[in-house]
2 protein chains.
Amino acid sequence: MNFDGEEKLNIKKKEELICPVRYFLEVAGGKWKSSILCILSDCECHRYSRIKRKLNGITNTMLAKSLKELEADGMLERIQYNEVPPRVEYKLTEKGEGIMPILEDMAKWGFKNVGEDAFCGKCNSIK
Amino acid sequence: MNFDGEEKLNIKKKEELICPVRYFLEVAGGKWKSSILCILSDCECHRYSRIKRKLNGITNTMLAKSLKELEADGMLERIQYNEVPPRVEYKLTEKGEGIMPILEDMAKWGFKNVGEDAFCGKCNSIK
DNA sequence: CCGTATCCGGCTAGATACTG
DNA sequence: CAGTATCTAGCCGGATACGG
């Protein structure tokens with residue numbers, strides 16, 4: 001780890017630089033994103049309505065927004081089938097898969113430190 | 001991973017339950033906490049003013065608040081010396097140490113995915 | 001030196017209603 | 001079925017001033 005990087009920052013303004021941890025938090029943080037990623041890692045493909053049901057409480061506003069941002073960050077892929085009624089499926093990209101081990105470590109750490117009765121049905125969890 | 005826990009949740013209301021990933025995010029998320037943890041992991045003890053200097057831009061309000069919350073969550077220990085002028089030092093607890101490998105993995109993932117010119121002098125970083 | 005007190009703007013997330 | 005469009009409340013983080 002290194003925190004004395006100020007001197008080397010001649011190329012860009014500090015404000016434009018992105019801290020890698022902050023980047024992680026931006027991509028996978030917030031109220032719903034980690035849960036969505038965990039759900040998607042569960043099986044190949046998921047439909048919008050299935051994700052919504054599993055999340056149990058999320059609004060359309062937030063789900064659509066979160067999915068769009070995750071897609072923009074390259075974490076998942078949106079596959080649209082032109083059928084009636086419409087069908088849309090979401091699946092993790094390789095980048096998205098790559099974040100899962102860390103999310104699992106976070107969950108493990110959380111379990112160990114919050115007590116074993118911590119469990120959230122709305123959300124991701126490790127048995 | 002398991003996401004179908006709704007049926008087993010008779011003991012508590014769902015709202016009272018804590019998802020382990022969300023717990024992690026509550027403890028180490030936000031704008032400054034991960035950086036503070038990384039700075040503290042750098043060496044045994046740190047004074048308030050030293051942390052502030054390293055963070056380069058944080059206000060007293062936010063630093064004091066973040067430190068207080070991290071202490072309340074058992075991530076760090078506050079050691080006060082009754083001297084004039086006052087001296088206060090902060091050090092990671094065992095729980096705090098335990099989160100560091102995950103923070104490092106997050107940083108590694110961030111670096112790999114955001115490009116190698118991503119570097120933030122304000123913040124934690126891996127060479 | 002190490003904070004607290006107070007005020008404030010902007011963003012995040014939710015409620016509600018509507019659509020191709 | 002899979003979303004948009006508005007509107008709104010509340011919290012997060014910052015600015016500024018002051019205190020033991």
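Just so we're on the same page: letters track the sequence lines, and every chain starts at 1. Just so it is clear, the values below take in all heavy atoms, side chains as well, and ignore hydrogens, waters and symmetry mates. Keep in mind that this is a model prediction, so the values were computed, not measured.
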Side chain of [X], heavy atoms from C-beta onward: which of [options] has the nearest atom to it?
{"X": "A:Trp32", "options": "C:dG14, C:dT4, D:dG14", "answer": "C:dG14"}
{"X": "B:Ser49", "options": "D:dG13, D:dG3, C:dC2", "answer": "C:dC2"}
{"X": "A:Tyr48", "options": "C:dT4, C:dC2, D:dA2", "answer": "D:dA2"}

Checklist entry - Which whole-number value in Å describes the distance from A:Met62 CE to D:dG3 P? => result 15 Å
Checklist entry - To the nearest angstrom, how far is A:Gln80 atom CD from C:dG20 atom P? => result 15 Å
Checklist outcome for this item: When every non-hydrogen atom of B:Lys54 is compared with those of B:Ile39, the smallest separation belongs to CB-CD1, 3.7 Å
Item to check | Base C:dA13 to side chain A:Thr61, donor-acceptor N/O within 3.5 Å cut-off | outcome: no
Checklist entry - Closer to the 5' end of DNA chain C via nearest nucleotide, is it A:Lys31 or A:Asn60? => result A:Lys31
Checklist entry - What nucleic acid atoms does A:Tyr81 come within less than 4.0 Å of, heavy atoms only: base, sugar-phosphate, or nothing? => result nothing
Checklist entry - Within the structure shown, what part of the strands sits under 4.0 Å from A:Arg78 by heavy-atom distance: base, sugar-phosphate, or nothing? => result sugar-phosphate
Checklist entry - For DNA chain D, whose closest nucleotide is more 5', that of B:Lys65 or that of B:Pro86? => result B:Lys65
Checklist entry - Does B:Asp73 offer a backbone N or O that forms a donor-acceptor pair with the side chain of B:Lys95 under 3.5 Å? => result yes
